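Quick notes on the structure that follows.
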Amino acid sequence: MNLPDLKEARKRTNKLVFEKKVDYQFPEAFRGKKYFLKTYGCQMNMHDSEEIRKNLELLGCKETSVLENSDVVVLNTCAIRENAHDKVFGYLGRCKHLKREKPELLIAIGGCMSQEENVVKEIKEKHPYVDIVFGTHNISMLPHYLIAQLKKKEQDIEVYSMEGDVYENIKYSRDSKISAWVNIMYGCDKFCTYCIVPYTRGKQRSRKLEKIVAEVEELKNNGYKEVTLLGQNVNAYGKDLEYGYDFKDLLESVAKTDIPRIRFVTSHPWDFTDEMICVISKYDNVMPYIHLPLQSGSDTILKKMGRRYTKEEYITLFKKIKEKIPECSITTDIIVGFPNETEEEFLETLEVVNTCQFDSAFTFIYSPREGTPASLIKDSISKEVKEERLQRLNRLINHYSLEKNKALEGKIVPVLILGNNEKDKSKIYGYTDTMKLININGSKELIGQIVPVKIQEAKSFSLDGIMVKESEMV
Ligand code: 5AD
Ligand code: SF4
């Protein structure tokens, strides 16, 4: 049993992180069993689920999309805001019910929530029917924990509070055959005061450049058209290593593999250098799209958040990117209702939105996370005020999203076709180079191809278009 410990998780070490090889030899006990995997949260979690899925398949399990048909349930959880937490505990109710009918069902909880002390305490005290709690640093151990359960029959909590090693040779059962996520680093060293991630994901550990490039080469050779380089703060890539390379070097090396499309998330304005902007503009296969979280437009709030930049510095960076890469779409994250945020401070956020006119944004009401410095601040702003601010912010964001999309009407853009439109089977969907969702009439033979599409109609959250001839593309 390994319980999470926030004090341990806060400790930083300078020790080099060693690579660890994963052992993939398992006994046959789970062959033919069905597993149900549910993922909450960000792309990092979705990518972790691709590893969880592969681990279960290496045990011989087959996936089912029906909870009631499963022998093993794995919930890969998110801790970023309170509502993610509530959703998981709500879903656990269903699992508990199923386990009453099917006592041999195994229930495992992984992901960021498992790294939280209070969550694990709650599971121990109130949810004894959960068999395994595993953390974000030891996904590769899940098969061993499952096998141990066949004999153990008691709750097993295996959460490491210190960050794990950097694993190489991880096997994934990827969601897509066209577009793949590639982890370039784990954890985050920024410690924004509201954020739980540095505690749940540990200190920053970058993978070696040559390993990442080799993974992208292999994906390209297997027919993948797109990679998204993943990290909590990709622009800080390499800072924890002793090799002297950074994100611009990585991006350039990945661009030289000639994989058709490269994306990366998430950027932090603090670590975004001019050289990185140059590399993005220099290579055609680095997509003109940047997700650049603002969080707040007030210097006072940014300081309290520990974001390390001012509103002016953010705007300067934004303008620099637009100047060098005019076609670049820029999206953002904004939090409203940080403790004691005044109306004036909120209006400053709206002002920055008016200045930057983002292509779109993820907007959130601040949610206190236990163990973070911001959660200790006594807050005088009511829930109603925060909700009203969120609505005002969303109205402005949607106004600019529509305006940006409308400006594309009549233009011809390259679109990577990803699949059939779920609602309308006569349509296929894909993403433009600038990361806009687009639906087109077309046959499914086009899935996996990059095709020229003329944008016919723009909406706030998607575009409609038709395919045109290659020669019409400028
Ligand atoms: N409350 C609300 N939003 C948060 N985010 C991170 N932590 C919190 C929190 N405690 C948002 C930030 C981040 C995005 C992934 O989630 O905007 O960029
Ligand atoms: Fe959280 Fe800040 Fe790190 Fe992003 S950069 S994961 S918001 S601590």
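These numbers were taken from a predicted model, which means no experiment stands behind them. Just follow the structure's listing: the first ligand is 1, and inside any ligand the first atom is 1.
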**Request:** Return yes when atom CG of D284 has more than 12 non-hydrogen atoms of other residues, nucleotides or ligands closer than 6.0 Å, and no otherwise.
**Result:**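 Result for CG/D284: open.
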**Prompt:** Between the side chains of E370 and S375, is a donor N or O closer than 3.5 angstrom to an acceptor N or O?
**Reply:**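 Distance-only check fails for E370 and S375.
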**Request:** Would you tell me whether Y35 and E63 have side-chain atoms, one donor and one acceptor, within less than 3.5 Å of each other?
**Result:**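 Present: a donor and an acceptor within the cut-off.
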**Item:** Within 45° cone and under 6.0 Å: K38 NZ/CZ vs Y91 ring
**Value:**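 Ring-cation test returns yes.
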**Request:** Quick one: list whatever passes salt bridge (charged side-chain N to carboxylate O under 4.0 Å, His left out) with D464, sequence neighbours left out.
**Result:**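 Counting only residues at least two positions away or on another chain, D464 forms a salt bridge (charged side-chain N to carboxylate O under 4.0 Å, His left out) with K459.
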**Asked** Do any heavy atoms of R201 fall under 4.0 Å from ligand 2?
**Response**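 In this structure, R201 fails to qualify as a contact of ligand 2 - no heavy atom is under 4.0 Å.
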**Request:** Enumerate the protein N/O/S atoms at a distance below 2.8 Å from atom 1 (Fe) of ligand 2, ignoring waters.
**Result:**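 Checking every protein N, O and S atom gives C195 SG.
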For the aromatic rings, using the six-membered ring if either is Trp, is the centroid distance between [X] and [Y] under 6.0 Å?
| X | Y | result |
| --- | --- | --- |
| Y160 | F134 | no |
| F338 | Y366 | yes |
| F247 | F272 | no |
| H137 | Y186 | no |

**Prompt:** ligand 1: which residues have a non-hydrogen atom closer than 4.0 Å?
**Reply:**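 Residue list for ligand 1: I80, R81, Y194, Q295, D333, I335, F364, I365, Y366, S367, R369.
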**Message:** So if I count the atoms of ligand 2 from 1 in the order they appear, which ones are less than 4.0 Å from some heavy atom of H268?
**Reply:**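 Those qualifying, in numeric order: 5 (S).
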**Residue pairs involving residues 286-299 (criterion side-chain hydrogen bond (donor to acceptor under 3.5 Å, both in side chains); sequence neighbours excluded)** =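 Those involving residues 286-299 are Y194-Q295, Y289-T331, H291-T331, H291-D333.
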